[in-house]
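Here is the structure we will look at.
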Amino acid sequence: MGRITVRRPVLRLSASGSRVRRPDTLAAEEPLEIRVAGKPLTITMRTPGHDFDLVAGFLAAEGVVGRAGDIATMRYCADTEEQNTLDVVLSPGVPPPDDSMTRAFTTTSACGVCGKSSIEALRADRPYEVAGDPVRLTPDVLAAMPERLREAQRVFDRTGGLHAAGLFDAGGGLLALREDVGRHNAVDKVIGWALRQGRLPLTGTVLMVSGRASFELTQKAMTAGVPVLAAVSAPSSLAVDLAEDAGMTLVGFLRGETMNVYAGAERIAL
């Protein structure tokens, strides 16, 4: 596995005219090739670390797997110099990915739904129904989540360059946190962790993300059975539409003691 952080020289300038050369710590970004039964599926750019979770979450979001037992083995390929190629063997009876998923090009760390052929297909992929999830949250529990997420971001403290996704229970307890240069990768790592732990669907939980709530992040949360998605920044219009369609609660601009509830306000107990 590659390094999570790297050191690079930097020239630090100030408006007063000072010039200081010093090393700086950066978040690493490296390619990860995902193979299924030896067949290349895609290449994604990610921060090394928790690669098994990342791949499991990616396959879950794409509808290839739905539980831990669907994956027989995962291993780094020995035919590569670095641990940047990971091969997945699916369990007997689990259909392989459709050929339409196979992508010979590299996806960036900002790409989330590249494997889907249409918006309609994304809306239809609902292995778990979240509309009936009875979880209820108070504003003060939600308001405390950004700070708890930030406190747990160890690599961000050193680089300032990583997104985070955290899974919380209804009482505000942090269940899992993952960091990555890509927002969708961080979410995939959390969902992959849950799948490998046999926790899907993620009933009664809140997925908190450090950036904005995009359509692809809403889709990934929905696919994992998460009833509440919260973000420190804005949602997109399509994310709100999907949350309303799926019966999810979507919270944006969760900062300090204020927040905007864009969908599913009935889950917020005032």
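Sorted by first and then second residue, the salt bridge (charged side-chain N to carboxylate O under 4.0 Å, His left out) pairs involving residues 222-236 (not counting sequence neighbours) form an empty list. Sorted pairs that involve residues 221-239 and meet salt bridge (charged side-chain N to carboxylate O under 4.0 Å, His left out), not counting sequence neighbours, are lacking altogether.
Looking at Thr44 and Pro31, their side chains never come closer than 4.5 Å, going by heavy atoms from C-beta outward. The shortest side-chain heavy-atom distance between Val88 and Met74 falls under the 4.5 Å cut-off. A 4.5 Å side-chain heavy-atom check between Leu41 and Leu59 finds at least one atom pair inside the cut-off. Between Met248 and Pro227 the shortest side-chain heavy-atom distance does not fall below 4.5 Å. Side-chain contact check for Val228 versus Phe168: every heavy-atom pair is 4.5 Å or farther apart. In this structure, Glu30 and Arg46 have side chains that are in contact, with non-hydrogen atoms separated by less than 4.5 Å. The shortest distance between side-chain heavy atoms of Leu86 and Ile34 does not fall below 4.5 Å. At a threshold of 4.5 Å between non-hydrogen side-chain atoms, the residues Asp245 and Arg126 count as touching.
A salt bridge does not link Arg183 to Asp188: none of the charged side-chain nitrogens sits closer than 4.0 Å to a carboxylate oxygen. Taking a cutoff of 4.0 Å between a charged side-chain nitrogen and a carboxylate oxygen, Asp53 and Arg178 qualify as a salt bridge.
At least one donor-acceptor pair closer than 3.5 Å links the side chain of Asp87 to the backbone N or O of Gly38. The main-chain N or O of Phe215 is never found under 3.5 Å from a side-chain atom of Lys220 such that the two would form a donor-acceptor pair. No side-chain donor-acceptor contact under 3.5 Å links Thr5 to the backbone of Ala27. Side-chain atoms of Ser233 never come within 3.5 Å of backbone atoms of Arg212 as a donor-acceptor pair (strictly under, hydrogens ignored). Not one N or O on the side chain of Glu29 forms a donor-acceptor pair closer than 3.5 Å with the backbone of Pro48. In this structure a side-chain-to-backbone donor-acceptor pair under 3.5 Å is present from Arg136 to Pro134. In terms of modelled atom types and a separation under 3.5 Å, the side chain of Asn185 and the main chain of Met45 share a donor-acceptor contact.
A side-chain hydrogen bond (donor to acceptor under 3.5 Å, both in side chains) with Tyr76 is found for exactly one of Asp51, Thr85, Asn84, namely Asp51.
For Arg19, the CZ atom is loosely surrounded, since the number of other residues' heavy atoms within 6.0 Å does not exceed 12.
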For residues 197-209, please give each side-chain donor-acceptor pair under 3.5 Å, one per line with the distance, not counting sequence neighbours.
residue : atom : partner : partner atom : Å
Thr205  : OG1  : Leu202  : O            : 2.6

What side-chain donor-acceptor pairs closer than 3.5 Å can you find for residues 249-261, not counting sequence neighbours?
residue : atom : partner : partner atom : Å
Thr249  : OG1  : Gly264  : O            : 2.8
Thr249  : OG1  : Arg267  : NH1          : 3.0
Arg255  : NE   : Val232  : O            : 2.6
Arg255  : NH2  : Val232  : O            : 3.2
Thr258  : OG1  : Arg255  : O            : 3.3
Asn260  : ND2  : Tyr262  : OH           : 3.1

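Not counting sequence neighbours, the partners of Val6 by the side chain to side chain contact (heavy atoms under 4.5 Å, CB included) test are Arg3, Arg8, Leu26, Ala28. Residues passing the salt bridge (charged side-chain N to carboxylate O under 4.0 Å, His left out) test with Glu244, sequence neighbours excluded: none.
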